[in-house]
Amino acid sequence: MLSNKTSFEEQISDWLKLIGFTCKICKKEEEIFTTLEIQKTGNAYLHLKLIELQLWGSEKSIEELKLFAAAQDKLRLCGINSIILWEDQWKGKSDIVKSRLMALLGISIRIPARLTYSVRINKEIAGQFLGKNHLQGTVQSKYQFGLYLPVKYFRILPTGFQVTNVNEDLLVAVATFSHVRIFIKQEKPFRSFELIRFSNLINTTVVGGMDKLLSAFTKEIHPDDIMTYIDKEWSDGISYAKLGFERISEKPPITFWLDTEKYVRFSDRKHTTGKNTIQICNVGSLKFVKTIIKKPSGF
């Protein structure tokens, strides 16, 4: 059990030791925030920039975040996973953060998508799932699809894996999509949708799961393209590129307000002043688009 009284850096370091990883602290004299370099037998390599809340707010801290974000591209081109981790995310949603980091480090229960089936689900089911399994929670959406692992395949799950009901198929991945946006291209209506959220069940990776959910959505809704935004703090979008998405543009950083006691983020529009509220920002996002190639009639 990790103590809440230890520092952010110590909590991360202690947890990594518990799961069998060593980490090297990389912090130049002029830097405010710590970077952890994580390895295990030379195979897993991850850079983790820790943004400690009590050190945030000065012009220097903001500039350091921007500089590290710029350096991430070079790290990722070298095959090094690079993550910016805020203290509120670790303390407010530690189980989800640990699950994502472990997946990057190669520790995750792998479920083949071919053993699952896709189905349209309702907003309530999707919302509950995303609230427990997605770092940014749930937001409004028009379409919701899920992947279920049938009871007969529970045998692939490791001993000790907790299933709420052993007699019901298990929801292991969810994707949500927006309303249609119609544009005119080449004098014809063009139907565009946004992939708003995608999440695996915590501590699992459905191998091929996103591809299967995109296929289910495409087959039922018939989009002309699907666009999505990638959080630069966690990814460069390479997994989306492998699924046929193309990087189109980059969005600038977004400002949030953060309750430093409850570790809850909210937008400027909902901001109410309080002694425990500070202003933070992310490093922006990447816009990716997948154009759906229609099969000629008769195929």
Side-chain angles (χ1 to χ4, degrees), residues 83-86 88-89 92-101 103-104 108 111 113 116 118-149 170-181 191-221 223 225-245 247-248 251 254 256 263-267 270 282-290 292:
I83 306 298
I84 295 172
L85 179 59
W86 288 77
D88 67 293
Q89 294 174 322
K93 295 189 175 182
S94 62
D95 288 344
I96 297 175
V97 170
K98 290 176 183 177
S99 175
R100 292 192 66 175
L101 292 177
L104 291 171
S108 188
I111 300 173
T116 69
S118 59
V119 64
R120 185 95 167 261
I121 59 178
N122 61 40
K123 291 182 179 180
E124 182 179 0
I125 293 174
Q128 290 177 352
F129 184 92
L130 292 170
K132 295 177 181 178
N133 298 283
H134 197 285
L135 191 58
Q136 297 173 343
T138 186
V139 291
Q140 288 295 319
S141 60
K142 173 63 175 177
Y143 303 100
Q144 304 84 30
F145 286 79
L147 292 180
Y148 281 86
L149 181 69
L170 179 65
L171 183 60
V172 292
V174 163
T176 64
F177 301 84
S178 70
H179 287 266
V180 64
R181 298 177 177 91
R191 304 175 73 248
S192 179
F193 296 80
E194 179 182 353
L195 168 61
I196 301 174
R197 291 282 191 270
F198 169 77
S199 178
N200 290 293
L201 178 65
I202 198 168
N203 297 327
T204 73
T205 299
V206 183
V207 182
M210 185 188 297
D211 193 20
K212 190 163 187 173
L213 285 169
L214 288 170
S215 296
F217 174 76
T218 299
K219 183 177 181 180
E220 183 170 335
I221 308 301
D225 77 18
I226 302 172
M227 59 80 65
T228 194
Y229 291 104
I230 310 298
D231 182 356
K232 287 177 60 181
E233 294 183 350
W234 281 85
S235 174
D236 60 358
I238 190 170
S239 60
Y240 287 82
K242 291 177 180 179
L243 295 176
F245 283 82
R247 178 172 166 172
I248 300 299
K251 288 188 67 177
I254 297 175
F256 300 92
Y263 303 119
V264 176
R265 297 184 180 193
F266 44 94
S267 67
K270 297 179 180 178
N282 64 13
V283 298
S285 58
L286 303 172
K287 181 179 179 180
F288 278 72
V289 176
K290 177 181 175 70
I292 309 301

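Using a 4.5 Å heavy-atom cutoff, the side chains of Q144 and F129 are not in contact. At a threshold of 4.5 Å between non-hydrogen side-chain atoms, the residues V119 and I121 count as touching. Using a 4.5 Å heavy-atom threshold, the side chains of I202 and K132 count as separate. Side-chain atoms of Q140 and H179, non-hydrogen and from C-beta on, never get closer than 4.5 Å to each other. Between V97 and W86, every side-chain heavy-atom pair lies at or beyond the 4.5 Å cut-off. Side chains of F198 and N200 form a contact here, defined as non-hydrogen atoms less than 4.5 Å apart. Using a 4.5 Å heavy-atom threshold, the side chains of Y143 and V180 count as separate. Between K232 and L286, some side-chain heavy-atom pair lies under the 4.5 Å cut-off.
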Report task. Walk me through it: do F145 and E220 pass the test side-chain contact (heavy atoms from CB on, under 4.5 Å)? Result -> CA-CA 11 Å; F145 286 79; E220 183 170 335; 3.6 Å; yes
**Report entry** Verdict with supporting geometry, T218 and I226, side-chain contact (heavy atoms from CB on, under 4.5 Å)
**Finding:** CA-CA 9 Å; T218 299; I226 302 172; 4.0 Å; yes
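Here the side chain of R247 pairs no donor or acceptor atom with the backbone of D236 at under 3.5 angstrom. Judged by distance alone, the side chain of S99 and the main-chain N or O of D95 form no donor-acceptor pair under 3.5 Å. K212 contributes no side-chain N or O that, together with a main-chain N or O of S118, makes up a donor-acceptor pair within less than 3.5 Å. A donor-acceptor pair under 3.5 Å is formed between the side chain of S235 and the backbone N or O of G237. Side-chain atoms of S199 come within 3.5 Å of backbone N or O of N133 as a donor-acceptor pair. Listed for the T138 side chain is no donor-acceptor partner under 3.5 Å among the backbone atoms of L130.
Counting all heavy atoms, side chain and backbone alike, D231 lies closest to Q136 at OD2-NE2, 3.7 Å.
To the nearest 0.5 angstrom, T228 atom OG1 is 11.0 Å from L243 atom CG. How far OG of S178 is from CZ of R197: 12.5 Å, rounded to the nearest 0.5 Å. One distance of note links NZ of K251 with CG of N282; it measures 9.5 Å at 0.5 Å rounding. With values rounded to the nearest 0.5 angstrom, Y263 atom OH is found 14.5 Å from K93 atom NZ. The structure places OG of S267 at 10.0 Å from CD1 of I254, a figure rounded to the nearest 0.5 Å.
Between S192 and D225, the side chains place a donor N or O and an acceptor N or O closer than 3.5 Å (distance only, hydrogens not considered).
Under the 6.0 Å cut-off for aromatic ring centres, F177 and F217 qualify, their centroids lying closer than that. Ring centers of Y240 and F245: under 6.0 Å apart, within the cut-off.
Applying the 6.0 Å contact sphere to CD1 of I238 captures no more than 12 heavy atoms from other residues, nucleotides or ligands.
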